[in-house]
Number of protein chains: 2
Amino acid sequence: MKKTSTSLQILSLLENCHCHLSAAEIYEQLRPQLPAVAPSTVYRILERLVHTGQVSISDMGGGTEVYEIANQRHHHLVCERCHTVLTLSDAEIQPLFESLQQRHSFVISTNHLVLFGICEKCRSGS
Amino acid sequence: MKKTSTSLQILSLLENCHCHLSAAEIYEQLRPQLPAVAPSTVYRILERLVHTGQVSISDMGGGTEVYEIANQRHHHLVCERCHTVLTLSDAEIQPLFESLQQRHSFVISTNHLVLFGICEKCRSGS
DNA sequence: CAGCAAATTGCAAAGACTTGCAAATGCAAA
DNA sequence: TTTGCATTTGCAAGTCTTTGCAATTTGCTG
């Protein structure tokens with residue numbers, strides 16, 4: 001993969017953000033520095049970064065996909081009612097993945113699992 | 001939820017199919033019987049069926065979401081290379097969900113997990 | 001079975017990506 | 001440094017899906 005200024009900026013944007021950003025948000029944050037960049041370019045760079053494993057893409061229930069730097073494997077529980085996001089360490093999921101991999105001779109590449117449900121606050125509150 | 005002829009037909013279509021169908025495929029299969037139905041109606045009915053738990057929606061890696069009747073809880077392993085789909089019984093996943101629910105006081109509603117990776121054949125073949 | 005409120009639908013427009021293609025750019029060999 | 005080619009980009013057009021809104025249909029109630 002070539003190092004173009006646009007892809008480097010997107011990567012550093014994600015590295016510094018430590019949060020989930022949508023393609024549209026990334027595009028907006030990029031415009032001040034790179035006014036001429038096209039939305040399709042942003043989508044394509046993100047696609048490439050996902051493909052090379054530098055960035056993870058996931059549907060967090062917000063209606064559009066969000067991107068995040070892929071440095072530390074982790075997973076999430078997302079409340080469907082209040083949209084609170086709990087973060088799970090990889091250690092909580094890894095044992096399951098191991099056993100599935102062995103049982104089915106399958107190498108799992110999913111590295112950012114998102115599970116939906118209802119958090120404690122919403123459950124007791126309603 | 002009201003029982004309209006269109007929603008009943010979509011439900012019976014999914015019941016008889018026992019497979020994953022995209023919204024576009026459902027729309028196409030519906031047209032011979034209901035020529036006047038609008039695509040937006042199909043999307044909205046599917047959304048409702050998902051919301052009421054009668055149908056599950058998932059991204060199986062095919063580029064568009066697919067729908068399936070939600071009668072028996074199960075999960076999938078999808079090969080990213082050859083797109084083979086392995087089916088997992090709920091029993092293989094349920095213990096993890098239980099422990100996550102207890103540990104985080106969170107009720108998981110995700111009922112159709114899809115994990116991506118590489119199947120045995122593709123791994124040995126390449 | 002008539003009257004109604006709420007749910008559902010069609011249509012058209014908007015939104016979120018995706019794709020084809022020619023021009024521009026990055027990288028490496030000369 | 002220059003050249004050559006594969007990769008990347010912008011643009012415009014194309015998909016797939018969602019949404020606003022007015023018209024229609026459905027399931028009560030009386």
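All values below come from the heavy atoms of this structure, side chains included, with hydrogens, waters and symmetry mates left out. Chain letters run A, B, ... following the sequence lines, proteins first, then strands; residues in each count from 1. In this text, all values refer to a predicted model and were calculated from it rather than measured experimentally.
Taking atom CG of residue A:Leu34 and atom P of nucleotide C:dA24, one finds them 18 Å apart after rounding to whole Å. Taking atom NZ of A:Lys3 as the reference point, atom P of C:dA28 lies 10 Å away to the nearest angstrom. When the P atom of D:dC16 is taken as reference, atom OH of B:Tyr43 falls 7 Å away, rounded to whole Å. For B:Glu65 and D:dC16, the CD to C1' distance is 11 Å, given to the nearest whole Å. Rounded to an integer number of Å, the gap from A:Leu8 CG to D:dT9 C1' is 15 Å. Rounded to an integer number of Å, the gap from A:Ile45 CD1 to C:dT18 P is 14 Å. Rounded to whole Å, the distance from CD on B:Glu28 to C1' on D:dC16 is 13 Å. In this structure, NZ of A:Lys2 is placed 10 Å from C1' of D:dT9, rounded to the nearest angstrom.
Here B:Arg44 lies in heavy-atom contact (under 4.0 Å) with a base. Using a 4.0 Å heavy-atom distance criterion, A:Ala23 is classed as making no nucleic acid contact. In this structure, A:Ala24 reaches neither bases nor backbone, as no heavy-atom distance under 4.0 Å exists between it and the strands shown. A:Thr4 comes within 4.0 angstrom of sugar-phosphate atoms only, judged by non-hydrogen atoms across all strands, and of no base.
Between the side chains of A:His75 and A:Glu92, not a single donor N or O lies within less than 3.5 Å of an accepting N or O. No donor-acceptor contact under 3.5 angstrom links the side chains of B:Thr87 and B:His74, judged on distance only. Using modelled atom types and a 3.5 Å distance limit, the side chains of B:Glu65 and B:Ser22 yield no donor-acceptor pair. Side-chain atoms of A:Arg48 and A:Thr52 form no donor-acceptor pair, as typed in the model, at a separation below 3.5 Å.
B:Tyr27 and B:Val37 get closest at one heavy-atom pair: CE1-O, 3.5 Å.
Interface remark: the A:Thr64 side chain does not form any donor-acceptor pair with the C:dC17 base, using a distance-only criterion of under 3.5 Å.
Ranking D:dC11, D:dT9, C:dT8 by closeness to the A:Ser40 side chain, first place goes to D:dC11.
Between B:His76 and B:His20, the angle of the ring planes goes over 60°, which puts this pair in the perpendicular group of the 30/60° scheme.
Rounded to 10°, the helix from C:dC1-D:dG30 to C:dA30-D:dT1 has 30° between the axis fitted to its first five pairs and the one fitted to its last five.
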key: Audit row: A:Leu115, B:Leu113, side-chain contact (heavy atoms from CB on, under 4.5 Å) steps and yes/no   = CA-CA 9 Å; A:Leu115 300 173; B:Leu113 201 60; 3.6 Å; yes
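At D:dG10, one or more side-chain N or O atoms of A:Thr41 fall inside 4.0 Å of OP1 or OP2 (strictly under the cut-off).
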